[in-house]
**Student:** 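Before I ask anything, let me first share the structure, which is written out below as structure tokens.
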There are 4 protein chains.
Amino acid sequence: MGTLVADKTLGANGGGKRAPGRPRSEQARQSILHSTLKLLHDVGFAELSIEAIAADADVGKATVYRWWPHKAALVADAFLSSAELELQFPDTGSVRSDMKLQMKQLIRILRGRRGGIVAALIGGGQSDPELIKAFRERFVRPRRQEAYATLRRAIERGELPRNLDLDLTLDALYGPIYMRFLFRHDCLNARFVNEICDLVIDGLAMPSLGR
Amino acid sequence: MGTLVADKTLGANGGGKRAPGRPRSEQARQSILHSTLKLLHDVGFAELSIEAIAADADVGKATVYRWWPHKAALVADAFLSSAELELQFPDTGSVRSDMKLQMKQLIRILRGRRGGIVAALIGGGQSDPELIKAFRERFVRPRRQEAYATLRRAIERGELPRNLDLDLTLDALYGPIYMRFLFRHDCLNARFVNEICDLVIDGLAMPSLGR
Amino acid sequence: MGTLVADKTLGANGGGKRAPGRPRSEQARQSILHSTLKLLHDVGFAELSIEAIAADADVGKATVYRWWPHKAALVADAFLSSAELELQFPDTGSVRSDMKLQMKQLIRILRGRRGGIVAALIGGGQSDPELIKAFRERFVRPRRQEAYATLRRAIERGELPRNLDLDLTLDALYGPIYMRFLFRHDCLNARFVNEICDLVIDGLAMPSLGR
Amino acid sequence: MGTLVADKTLGANGGGKRAPGRPRSEQARQSILHSTLKLLHDVGFAELSIEAIAADADVGKATVYRWWPHKAALVADAFLSSAELELQFPDTGSVRSDMKLQMKQLIRILRGRRGGIVAALIGGGQSDPELIKAFRERFVRPRRQEAYATLRRAIERGELPRNLDLDLTLDALYGPIYMRFLFRHDCLNARFVNEICDLVIDGLAMPSLGR
DNA sequence: CAATAATCGAGACGGTACGTCACGTCTTCTT
DNA sequence: AAGAAGACGTGACGTACCGTCTCGATTATTG
């Protein structure tokens, strides 16, 4: 649903009308995204060539370039439109277990087949502001919105202090996960998640005595 | 200094002897490393080409290939031999301030001119295992060794519990920094460092009730 | 009027009737021919693209393809429908001056703005039999018919021998002009025309002694 | 021997020395020229693609582009270096037969396998000044030099007038041949050559009465 | 007055070739 | 033996046009 930067055809056409000319082929679009995911998994981001994607998708190279400005944008679209990433935020009645459950879902993705794609996205984004922005806005932000809700419920229940800095909290929770994911210096498992989560939530609960 | 994998000329020649033929040109080596850093900063890892490095360094392409097996190896060498990255670990008598000082040194580097190179290294490393390994072993690990010492001093002083998981602690402290650095979703300043540090150290001090 | 091969709409409809559906747009046709001439002059036959013609003429590409089978057909149509190439054959009472006048008209065209188009037509025709055929039949032949008349008048008057080979004569007169026009090795002026004309007509008048 | 415009390596190196770097591969050059001729004959100039030439010659596309600026230059080189075009100027003691023999050699080439290449050269030259210049200087001029000698011998022998315009004469002789060759409106045979030759030489011999 | 039918513009489609760039290897002469 | 220079075969790049194809809109004739 939509390309990286701004959808050219399917996007801001709320008015009604219809662009003139032959409409974009939805079939080609699907085929391209599918081939991208397939090849991305087979050869990785660096070795991925638009040439190969077009060939695999039985599509003209120009059709790829017509709709995506670079490989990065294409990969981002392919990834993000690939199963709306079954990440749910549970509501168990406890922040601790809510967050632990959610974080474990995340590391399952990161450690799975799609982890390489996330790494490619973040990695590619380091030399492509558009790409990291897309990753942030289309992958990170939606989940963060849900995480806000989880934290706010906890505040309502009195589990967390009223003046909590939500972003700080979430960075403290997820930062260590992404660090291990990207640096690969240590393992990324449920035990790690549990411990980070406890550490951070314990820290938040403190009446911040020594500051 | 040495290259990423194993130095070919300056390495295991401790005995004495001397290879026959013209010796390696130290000037060429310096020039190559310098040009690599310069271009890495300008265009990022992905766009960096050996062709351009050789041209910029006024050096034959073969001279680069003779001494470094990959672009990754060259970049790692260049980065790590660049100004021994003035990161010192202070000893103020308090973990809290020791770590805060150190973390502020780090964000000064990340936000400065060399930040682009670190980002390029981590980003490029996502599609190049050799590169992320070099970054980890030659940049992260040495500093981590010093951080261990800082934490152990705190344990000795009774500031932190004896059974502390050092790696977990350091990931909890540095993870949020790298996350903001890489995702660029929020600012990376002294206030953030202070708060993360307080949060984590407070959390560690808790008698871990709910676990 | 009409296309190269056979006109599809304006052709064999002499009877009366009328095709159903929307009639062909005369305005589009004119616009296409005009743009073709313009671009042909600017960039030559080889570099001429239907894409550019359609864009310049503010016309859909399909409208061009609907009415002309090749680029060659289009170019031939455009050229030949352009200003009916004001070449008249005078009748001064002398072959010599009749032909000189006519040949001077020709070199004025060749040296003028339309010369580039003639060159493009002949040049393009070397790799496109349809094009050279169109040039021959629609540009060369009509003028040759008139030239025959001029020569026949001269024969009647006794200026030229009765058994004259008309085509040979005309090739001897015009060949040198086209050679200089196409090879560009020497200038193409009135003096040259005069001398060629005298040379050939003198030669024709000879009682062919030495053969 | 040498490229169209100016030979880059083998050319103006009269001083002595040697360009640095790996020398140009003579084998690649030969292979490219050979494949060019072969494909030119098979598919014609318009359909000839550099891609196909490189593939046929087992050579990188870049190697072609390194040495020839366009298809035209390549074709010119290929043609002109293909057998130094066995065109000899005989010396029979009579202009008439000298020229007839030579002109018959020419039409044998034009009507043969290589005729298509000449047509492509002249045709392509109509939209490429460099190409027509190359054709003129490397194909036409050398033969014209020899033709001058033939004519001068005739003048010495008293067959032709002393004040003869050599270029005019040669254009009068060859122009009709090229016209028939390019326009293809009539046949190009020995009889035509004989008649043109007689016509022109007769014309030259006239004491130019009517001028 | 509708229905039918061929046109029009626009522009996306699967292709082919373009001319460029960098790859990593090689061949030459010079140091 | 290493140096620079730079040509080599390879292969992907991103672009330009090819000729074909859908679209909705327009403009005629026919029922």
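This is a predicted model, so every value here is computed, not measured. Chain A is the first sequence line, chain B the second, and so forth, proteins listed ahead of strands; every chain is numbered from 1.
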**Student:** Please report, rounded to the nearest Å, how far the P atom of F/dC17 is from the CD atom of D/Glu51.
**Tutor:**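 Taking atom P of F/dC17 as the reference, CD of D/Glu51 is at 17 Å.
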**Student:** Rounded to whole Å, how long is the line connecting atom CD of D/Glu26 with atom P of F/dC8?
**Tutor:**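 Rounded to the whole Å, the gap is 10 Å.
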**Student:** Find the distance between CD1 (A/Ile53) and OG1 (A/Thr63) and round it off to the nearest 0.5 Å.
**Tutor:**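 So the gap between those two atoms works out to 13.0 Å.
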**Student:** Both D/Glu47 and A/Gly60 contact DNA chain E. Taking the nearest nucleotide for each, which residue is further toward the 5' end?
**Tutor:**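 Closer to the 5' end of DNA chain E: A/Gly60.
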**Student:** Given E/dC8, is OP1 or OP2 found less than 4.0 Å from the side-chain N or O atoms of C/Ser25?
**Tutor:**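 Answer no for this pair, as no side-chain N or O of C/Ser25 is under 4.0 Å from OP1 or OP2.
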**Student:** Got a second to check how far C/Trp68's CH2 is from C/Ile32's CD1, nearest 0.5 Å?
**Tutor:**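 Taking CH2 in C/Trp68 and CD1 in C/Ile32, the distance rounds to 4.5 Å.
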**Student:** Look only at the side chain of A/Ser31 and the backbone of A/Gln27, and say whether a donor-acceptor pair between them is shorter than 3.5 Å.
**Tutor:**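 No, because the side chain of A/Ser31 does not come within donor-acceptor range (under 3.5 Å) of the backbone of A/Gln27.
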**Student:** Roughly how many Å is it from NE2 in C/His70 to P in F/dC18, rounded to a whole number?
**Tutor:**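 So the two atoms are 14 Å apart, to the nearest Å.
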**Student:** Hey, what do you get for NE2 (D/His70) to CG (D/Asp128), rounding to the nearest 0.5 Å?
**Tutor:**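 These two atoms lie 4.5 Å from each other.
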**Student:** At less than 4.0 Å, is any side-chain N or O atom of D/Trp67 found next to OP1 or OP2 of F/dC8? Yes or no.
**Tutor:**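 Yes, such a contact exists.
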**Student:** Calculate the interatomic distance between B/Leu39 atom CG and E/dC21 atom P; express it in whole Å.
**Tutor:**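 One finds 16 Å between P of E/dC21 and CG of B/Leu39, rounded.
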**Student:** Roughly, in whole Å, what's the span from CZ in C/Phe45 to P in F/dC17?
**Tutor:**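 It is 15 Å, rounded to the nearest whole Å.
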**Student:** Once you round it to whole Å, what is the distance between C1' of E/dT7 and CD1 of C/Ile32?
**Tutor:**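 About 12 Å, once rounded to whole Å.
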**Student:** Supply the atom-to-atom distance B/Leu131 CG to B/Phe45 CZ, rounded to the nearest 0.5 angstrom.
**Tutor:**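 It is 5.0 Å, given to the nearest 0.5 Å.
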**Student:** Which letters describe nucleotides 20-25 of chain F, given B = protein heavy atom under 4.0 Å from base, S = only from sugar-phosphate, - = neither?
**Tutor:** BBBS-B
**Student:** In whole angstrom, give the distance that lies between atom CD of A/Gln30 and atom P of E/dA12.
**Tutor:**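 After rounding, the gap between these two atoms is 18 Å.
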**Student:** Distance check: side-chain N/O of B/Thr63 vs OP1/OP2 of F/dA4, anything under 4.0 Å?
**Tutor:**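 Answer is yes, contact under 4.0 Å.
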**Student:** Nearest-nucleotide wise, let me know which of D/Ile50 and C/Asp58 is further upstream toward the 5' end of DNA chain E.
**Tutor:**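 Taking each residue's closest nucleotide, the earlier one in sequence belongs to C/Asp58.
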**Student:** Report yes if a side-chain nitrogen or oxygen of A/Ser49 is closer than 4.0 Å to either non-bridging phosphate oxygen (OP1 or OP2) of F/dA12; otherwise report no.
**Tutor:**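 No.
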**Student:** Between F/dC8, E/dG14, E/dC18, which nucleotide has the shortest distance from any of its atoms to the side chain of D/Ala28?
**Tutor:**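 Nucleotide nearest to D/Ala28's side chain: F/dC8.
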**Student:** Once you round to the nearest 0.5 Å, how far does CG of B/Leu74 lie from CG of B/Leu33?
**Tutor:**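 The CG atom of B/Leu74 sits 6.5 Å away from the CG atom of B/Leu33.
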**Student:** Could you state the atom-to-atom distance from CD1 of D/Ile53 to C1' of E/dA17 in whole Å?
**Tutor:**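 My rounded result for the distance is 12 Å.
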**Student:** Check whether any side-chain N or O of D/Arg66 sits under 4.0 Å from OP1 or OP2 of F/dC8, and answer yes or no.
**Tutor:**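 For F/dC8, OP1 or OP2 has a side-chain N or O of D/Arg66 closer than 4.0 Å.
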**Student:** Using only atom types and a distance under 3.5 Å, with no angle test, would you say the side chain of A/Gln126 pairs donor to acceptor with the backbone of A/Ile122?
**Tutor:**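 Pair found, side chain donor or acceptor close to backbone of A/Ile122.
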